[in-house]
Amino acid sequence: MRLERRANFRISSTAFFIVIMAIIVIMVITTLPLIVPLTGSQALADPFMSYPGARAKAMGGAFTGIADDASAVWYNPAGVAGEEHNLTLECSQAMTRSNDGGSLGTGSTAWFMGGEYSLDEFGIGLFYYPPYTVRYWAPEPDSDNGAWGKVNEIIQTISVPFAVSSFDGSLKFGGSLEWVHIGIDGSKIYLRDSETTPGGKGYSVGKKGASGFSGSIGALFTYFATEPWPYKLRFGGVYRLKSATDIGSAAMRSDSDEAVGLLFYDKPRSYDLGLSLIKDFFSIGSVLILSAQYGNTDWGSASKGGEKCEYRKISCGLEFSILRETALLKSTHFRLGYYTSQPSAQGQSEDWRPDVKGITYGIGVAVGDELDTLHLDLSQEQRTLTNGDDFDDTATLTSLALSWSF
């Protein structure tokens with residue numbers, strides 16, 4: 001966790017107005033209704049999310065209103081503007097589903113690595129992480145012309161976050177520039193053509209992947225309350241752009257393979273709005289953080305054919321930190337969280353678009369001195385996917401992160 005300034009700060013009315021307007025702009029932009037009608041195949045990638053940050057995961061992903069460690073690159077790039085430099089390496093289990101109707105597995109690995117550099121009121125970083133894995137079995141089409149089978153996409157991101165802070169660190173703005181690569185090697189597609197192969201045939205995708213740019217913008221505002229009950233209240237918002245990868249076109253070998261292109265998805269646009277309460281208990285040497293968050297991921301925007309499918313997520317989390325130092329031990333952290341994520345509309349029973357629920361928990365320790373600190377964070381998540389009577393399964397995912405702040 002970053003070092004926090006102890007001085008109480010009363011924000012001016014002008015600064016408060018700027019923050020409120022920034023949050024309103026983000027909300028308006030991200031909730032504009034779609035103009036183009038969306039129809040097509042079914043998307044279901046939110047169940048296989050692999051967002052970075054062992055600490056953030058242990059708090060149910062409710063981290064946009066906190067964003068004070070390396071995972072800010074995803075949750076809110078405004079948090080990159082801080083008081084410390086940081087190097088991070090994290091390994092997490094990611095979910096798999098080997099066949100249609102099969103049970104969930106944890107055979108995949110997701111990495112999060114990189115660093116950030118802070119200079120006065122400016123911060124910049126460089127990170128790699130895979131935020132999404134798109135795995136699902138597309139249903140066999142009813143028509144004589146169509147494509148179906150196993151879709152397997154790995155969305156990988158190299159991100160450069162940057163941020164600036166003002167008003168003694170109480171107001172931060174940031175963004176990120178992303179290079180996104182989507183690999184589709186593991187996909188097994190079948191193509192039916194009523195004129196040539198009415199029974200269907202195996203299909204080798206045109207290219208094994210596609211790359212393109214994306215990015216995000218974020219804001220973070222901290223209000224410092226004064227006596228008689230001092231605390232910090234943080235508001236955060238982030239908007240993530242859709243990637244310009246056009247993976248659907250890359251999967252097609254010709255214009256006649258349009259049904260194949262509809263099965264694949266770019267990195268979608270999404271947003272999160274978060275609120276956190278931070279209370280210092282100086283008398284017992286501890287800190288309590290409570291957080292809540294709402295988010296929306298628009299998978300319809302990421303498809304070539306584009307159906308209207310949005311995953312809406314509500315999450316909450318807490319962290320209790322004991323700051324008493326023993327030898328080299330600086331602090332110990334206990335975390336707990338919960339989230340629920342649901343699609344905006346359910347299709348037919350064969351269109352596997354599950355509800356997602358997660359119970360999360362974790363522990364972290366920090367060792368070192370005032371200048372150099374080593375953080376070790378461990379989290380576990382019990383993720384349950386449910387789709388009516390068709391599917392109900394749970395997987396346990398573990399994340400381990402090591403970071404050095406200096």
Side-chain angles (χ1 to χ4, degrees), residues 1-11 53-72 75-76 79 81-88 90 116 118 165 168-170 172 220-236 274-293 315-338 360-380 399-406:
M1 185 185 299
R2 301 189 191 281
L3 298 175
E4 298 286 350
R5 293 181 173 88
R6 299 296 187 185
N8 289 328
F9 176 79
R10 187 177 296 277
I11 194 73
R55 179 185 172 209
K57 291 176 183 176
M59 299 178 70
F63 210 69
T64 297
I66 302 173
D68 60 358
D69 66 14
S71 65
Y75 290 98
N76 191 342
E83 300 177 0
E84 296 178 339
H85 316 312
N86 180 277
L87 294 175
T88 296
E90 176 180 308
E116 55 184 312
S118 296
S165 64
D168 199 25
S170 62
K172 300 179 180 180
L220 187 63
F221 165 65
T222 303
Y223 172 74
F224 295 82
T226 57
E227 298 293 345
W229 197 66
Y231 60 89
K232 288 186 280 291
L233 196 62
R234 283 182 175 170
F235 304 88
L275 170 67
S276 65
L277 172 68
I278 304 172
K279 179 69 177 75
D280 292 314
F281 297 94
F282 298 111
S283 60
I284 59 175
S286 62
V287 177
L288 176 66
I289 299 178
L290 301 175
S291 60
Q293 185 165 313
S315 53
C316 57
L318 67 85
E319 177 183 70
F320 182 73
S321 302
I322 301 174
L323 306 181
R324 295 176 182 175
E325 298 185 13
T326 304
L328 292 177
L329 183 65
K330 293 183 63 175
S331 59
T332 306
H333 312 272
F334 302 92
R335 298 154 186 147
L336 184 66
Y338 172 81
T360 62
Y361 47 91
I363 188 171
V365 295
V367 298
D369 53 33
E370 293 183 358
L371 298 178
D372 296 281
T373 304
L374 194 65
H375 303 265
L376 180 64
D377 296 299
L378 175 68
S379 71
Q380 275 207 331
S399 297
L400 180 64
L402 181 66
S403 62
W404 176 34
S405 300
F406 56 96

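Model, not experiment: these values are computed from the prediction. Just the heavy atoms: all of them, side chains too, but no hydrogens, waters or symmetry mates, feed the values below. Numbers here simply count residues along the sequence, with the first being 1.
For the atom pair CD1 of I278 and CZ of F224, the computed distance is 8.5 Å after rounding to the nearest 0.5 Å. Taking CG of D280 as the start and CD1 of I289 as the end, the distance is 9.0 Å to the nearest 0.5 Å. Remark: F406 CZ to D372 CG distance equals 8.0 Å, nearest 0.5 Å. One distance of note links CG of D68 with CG of L220; it measures 9.0 Å at 0.5 Å rounding.
Across all their heavy atoms, K172 and A81 have their closest contact at NZ-O, 2.7 Å. The two residues T360 and L336 come nearest to each other via the heavy atoms O-CD1, 3.3 Å. Of all non-hydrogen atoms in S71 and F63, the two that sit nearest each other are OG-CE2, 3.4 Å. Annotation for H375 and S405: closest pair NE2-OG, 3.4 Å, computed over non-hydrogen atoms. Smallest separation of non-hydrogen atoms from T64 and Q293: N-OE1, 2.8 Å. The minimum heavy-atom distance linking A70 with T88 is given by the pair CB-OG1, 3.3 Å.
The side-chain hydrogen bond (donor to acceptor under 3.5 Å, both in side chains) test applied to Y361 returns Q380, Q382, not counting sequence neighbours. Applying the side-chain hydrogen bond (donor to acceptor under 3.5 Å, both in side chains) test to S276 and every residue at least two apart in sequence or in another chain returns nothing. Taking F334 as the reference, I322, T332, I363 meet the side-chain contact (heavy atoms from CB on, under 4.5 Å) condition, with sequence neighbours excluded. Listed by chain and residue number, A54, K57, A58, S399 satisfy the side-chain contact (heavy atoms from CB on, under 4.5 Å) test with S379 (two or more places apart in sequence, or in another chain).
The side-chain heavy atoms of L233 and L275, taken from C-beta on, include a pair separated by under 4.5 Å. In this structure, M59 and I66 have side chains that are in contact, with non-hydrogen atoms separated by less than 4.5 Å.
Panel note: side chain S118, backbone E84; a donor-acceptor pair is recorded below 3.5 Å. In terms of modelled atom types and a separation under 3.5 Å, the side chain of E116 and the main chain of N86 share no donor-acceptor contact. A distance-only check finds a donor-acceptor pair linking the side chain of S291 to the backbone of A62 [under 3.5 Å].
Ring geometry, F221 versus F235: the interplanar angle falls under 30°, so the pair is classed parallel (tilted spans 30 to 60°).
When only modelled atom types and interatomic distance are considered, S331 and H333 share a side-chain donor-acceptor pair under 3.5 Å.
A side-chain contact (heavy atoms from CB on, under 4.5 Å) with K330 is found for exactly one of T373, L374, V367, namely T373.
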